[in-house]
Amino acid sequence: DQQVKQNSPSLSVQEGRISILNCDYTNSMFDYFLWYKKYPAEGPTFLISISSIKDKNEDGRFTVFLNKSAKHLSLHIVPSQPGDSAVYFCAASSAGNMLTFGGGTRLMVKP
Amino acid sequence: DTGVSQNPRHKITKRGQNVTFRCDPISEHNRLYWYRQTLGQGPEFLTYFQNEAQLEKSRLLSDRFSAERPKGSFSTLEIQRTEQGDSAMYLCASSVPTGLREKLFFGSGTQLSVL
């Protein structure tokens with residue numbers, strides 16, 4: 001069973017506009033959530049995280065929102081830049097256990 | 001370069017052959033993870049070590065898969081009698097757990113192609 005789902009396999013956005021990537025989870029024990037970014041032929045790199053005691057975390061152009069009641073989180077990138085084009089993975093963990101990843105969303109930012 | 005290093009970057013093998021991949025974690029990281037990623041999917045957890053102890057191995061895909069971290073530093077992942085379904089990217093990651101907030105640092109992976 002997929003405990004972490006990213007229902008949009010791809011997203012295309014114009015440069016300068018907002019990109020919103022979504023993630024849903026089913027395991028209510030998850031208490032720590034992360035977003036990773038992956039370029040072709042490279043490993044995933046950490047982008048931003050959020051603990052379940054918060055509902056928002058911001059780092060520059062990147063903001064993650066967590067809605068625990070809906071078991072939903074989203075990553076906002078504003079303004080989007082062509083260099084943001086990559087595959088974005090949502091991941092979650094509980095009590096320090098291993099990360100469970102979603103299937104990824106390919107973001108394409110058009111100049 | 002002080003990141004996670006994986007070798008080789010690419011491995012092409014014939015079905016039935018054994019393959020071994022190596023991972024060198026970030027030096028001060030005591031946890032080391034192996035993940036597998038197939039096309040269009042997210043990384044799938046396989047196993048992890050804390051120092052030299054393998055704390056979770058139930059997710060290894062079959063008894064053909066095994067991993068070691070003999071001195072608590074580098075790790076190897078071996079696949080015996082490879083099958084075409086083993087073709088995937090094998091990712092290694094390392095971390096230093098700080099309470100509940102664990103952030104993994106990934107290597108660039110080993111791309112395995114089984115012909």
So for atom [atom1], which belongs to [X], do other residues, nucleotides or ligands contribute more than 12 heavy atoms lying within a distance under 6.0 Å?
{"X": "B/Arg64", "atom1": "CZ", "answer": "yes"}
{"X": "B/Leu55", "atom1": "CG", "answer": "yes"}
{"X": "A/Met29", "atom1": "CE", "answer": "no"}
{"X": "B/Glu68", "atom1": "CD", "answer": "no"}

- Message: Could you see if A/Phe62 belongs to whatever hydrophobic cluster contains A/Leu11? Use Ile, Leu, Val, Met, Phe, Trp, Tyr and a side-chain cutoff under 4.5 Å.
- Response: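 Yes; A/Leu11 is reachable from A/Phe62 via cluster members.
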
- Message: In this structure, would A/Leu107 and A/Phe65 fall into the same cluster of hydrophobic residues linked by side-chain contacts under 4.5 Å?
- Response: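 Result: no, two separate clusters.
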
- Of the non-hydrogen atoms in A/Tyr36 and B/Lys103, which two are nearest, and what is the gap between them?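 Closest heavy-atom pair between A/Tyr36 and B/Lys103: OH-C, 4.0 Å.
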
- Do you know which two heavy atoms are closest between A/Gly43 and B/Leu91, and how far apart they sit?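 For A/Gly43 and B/Leu91, the tightest heavy-atom pair comes out as CA-CD2, 4.2 Å.
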
- Option that, when pairs with chain A are counted at under 4.5 Å, heavy atom only, ranks first among B/Gln37, B/Glu56, B/Met89: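 Looking at each option in turn, the highest pair count goes to B/Gln37.
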
- Checking B/Glu44 against chain A: side chain, backbone, both or neither under 4.5 Å from a heavy atom?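 Interface part for B/Glu44: neither.
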
- Sort and list the pairs that fulfil salt bridge (Lys or Arg N to Asp or Glu O under 4.0 Å) and have at least one residue in residues 61-78 of chain A, not counting sequence neighbours.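 Listed once each, the pairs are A/Arg61-A/Asp84.
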
- Which salt bridge (Lys or Arg N to Asp or Glu O under 4.0 Å) pairs, counting each pair once, include a residue from residues 9-27 of chain A, with sequence neighbours left out?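 For residues 9-27 of chain A, and leaving out neighbouring residues, there are no salt bridge (Lys or Arg N to Asp or Glu O under 4.0 Å) pairs at all.
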
- Pairs where residues 37-49 of chain A contributes a residue and the test side chain to side chain donor-acceptor pair (under 3.5 Å) is met, not counting sequence neighbours: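 Matches after skipping sequence neighbours: A/Tyr32-A/Ser49, A/Lys37-A/Tyr39.
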
- How long is the gap from CD on B/Gln41 to CD on A/Gln2, to the nearest 0.5 Å?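 Going from CD on B/Gln41 over to CD on A/Gln2, the span is 6.5 Å.
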
- Item | Contact winner vs chain B - A/Gly103, A/Ala91, A/Gly104, heavy-atom pairs under 4.5 Å |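 That would be A/Gly103.
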
- Tell me, with the steps shown, if B/Tyr33 and A/Leu99 meet side chain to side chain contact (heavy atoms under 4.5 Å, CB included). CA-CA 10 Å; B/Tyr33 295 78; A/Leu99 292 182; over 6 Å; no

- Task: Would you please go through residues 104-115 of chain B and name the residues with a non-hydrogen atom below 4.5 Å from one of chain A, in numerical order?
- Result: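 Counting heavy atoms that sit under 4.5 Å from chain A, the residues of residues 104-115 of chain B involved are B/Leu104, B/Phe106, B/Gly107, B/Ser108.
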
